[in-house]
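Order of appearance sets the numbers: ligands from 1, and atoms from 1 within every ligand. Not measured: the values here are computed from a predicted model.
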Amino acid sequence: MSNDNKFKSINWTGSSLILLDQRKIPFSREYLECNSLELVITAIKQMIVRGAPAIALSGMYGIALYLLGINKKPEYLELENKLKSLLDSRPTAVNLKLAIERYTSVINKEKFNSSSLENLTSETISFANLIFKEDLDVNSQIANNGTLLFPENQKNISILTHCNTGALATAGIGTAIGVMRALKKKGYNLTVYASETRPYHQGSRLTAWELKEEEIECFIIGDSMSAWLMNDRKIDAVLVGADRITKNGDTANKIGTLSHAIIAQNFKVPFYVAASSTSFDFNIENGNDIHIEMRAEDELTQNSFLKDENGKNYIPKGVLSPLGAKALNPSFDVTPSKYITGIITEKGVISPVNQNNIKSIIGA
Ligand code: MRU
């Protein structure tokens, strides 16, 4: 399996999972070797690995590690419990849930009962490799479809993006960032504005780092600066990813996405979501029913997310607020479909975004 990324964020060696530690980017490039499901779950919770597709892929390799680490075949219930604790690690993105559902239809109870531990392990590894490869291909197809939205005769384009949707978050070149990389390949001169994405700074740390690696011009802006930006400069599109898209096209994505969408509509800037068909949750009618993950208050008040397991800070300890100050830290928000110009998927672009168009393109 290969892609043209300059780094490997998720690397399966055959007996362990090596994750690029995203807490430490851009301060250092360090890898964490996971030899157990428990460590993979911790890595997901602590956002050592993050981004909806990357969480799902790492999780399934985590199940392979669980089976590799035992000598005796477990009861089916034990496997189900492991899958449940994995599923609980981060609730908003749907990709992990769909991967687990697909896995349990491959390794169903009947198959489980009649297979040896060795066979189950090798089928689990094959499944994880398969969805890794699928994500890689899907990224390229999304990128191709996304480039078609930009006129061939206007080569200078400016894009606002939010959070991180690139090689760090996927198996391949990414979703929204994948479109940007494909545009550059096609000869467009890109200027990308990456909103910092507080409190975890996926924009100012991760997206700015990835775009620098790809030699794409990038300006970091504060999350609150997008109205100024769209008023002051010509922005051709807002391009973001997704964690869960409902039947009617409402889209959960990193907190702050909704305000960019509302502002984009005001300034008549097209607002695109780039996501794979595995981001759709057809069990949910609309965005009101998406469970939004609330994360720790001290991510806002103390930058504590940049601490390692021993409490050591990667950046100088930053106390950002008075001691004892309370904070709310919803990790995602939901952008109603009425603000979304189009959803760029590997199967085509859904526009306008409504249940019928979603059905006819995604097919469910
Ligand atoms: O909390 P995170 O960093 O996992 O959130 C990530 C996002 O919201 C991304 O935009 C989304 O998962 C798409 S990544 C291709």
| request: State whether Glu293 and Arg50 are salt-bridged, where the test is any N-O pair (Lys NZ or Arg NE/NH1/NH2 against Asp/Glu carboxylate O) under 4.0 Å. | output: no
| Does Arg102 pair with Glu134 as a salt bridge, N-O distance under 4.0 Å? | yes
| query | Using the benzene-type ring in the case of Trp, are the ring centres of Tyr103 and Phe127 under 6.0 Å apart? | reply | yes
| message | For Phe112 and Tyr76, take the angle between the two ring planes, folded into 0 to 90°, and tell me which bin it lands in: parallel under 30, tilted 30 to 60, perpendicular over 60. | response | perpendicular
| field | Evaluation steps, salt bridge (charged side-chain N to carboxylate O under 4.0 Å, His left out), between Arg181 and Glu214 | value | CA-CA 8 Å; Arg181 284 174 63 172; Glu214 292 307 320; 3.6 Å; yes
| For Tyr272, which residues count as a ring-ring contact (aromatic ring centres under 6.0 Å, His included) partner, sequence neighbours excluded? | none
With the criterion set at N/O pairs under 3.5 Å, what does the list of contacts between the protein and ligand 1 look like, atom names and distances included?
from: ligand 1; atom 1: 1 (O); to: Arg90; atom 2: NH1; distance (Å): 3.3
from: ligand 1; atom 1: 1 (O); to: Arg90; atom 2: NH2; distance (Å): 2.7
from: ligand 1; atom 1: 1 (O); to: Lys254; atom 2: NZ; distance (Å): 2.7
from: ligand 1; atom 1: 3 (O); to: Arg50; atom 2: NE; distance (Å): 2.4
from: ligand 1; atom 1: 3 (O); to: Arg50; atom 2: NH2; distance (Å): 3.4
from: ligand 1; atom 1: 3 (O); to: Gln202; atom 2: NE2; distance (Å): 2.8
from: ligand 1; atom 1: 4 (O); to: Gly51; atom 2: N; distance (Å): 2.9
from: ligand 1; atom 1: 4 (O); to: Arg90; atom 2: NH1; distance (Å): 2.8
from: ligand 1; atom 1: 8 (O); to: Asp243; atom 2: OD1; distance (Å): 2.7
from: ligand 1; atom 1: 8 (O); to: Asn253; atom 2: OD1; distance (Å): 3.2
from: ligand 1; atom 1: 8 (O); to: Lys254; atom 2: N; distance (Å): 3.3
from: ligand 1; atom 1: 10 (O); to: Asn253; atom 2: OD1; distance (Å): 2.7
from: ligand 1; atom 1: 12 (O); to: Ala52; atom 2: N; distance (Å): 2.9
from: ligand 1; atom 1: 12 (O); to: Asp243; atom 2: OD1; distance (Å): 3.4
from: ligand 1; atom 1: 12 (O); to: Asp243; atom 2: OD2; distance (Å): 2.9

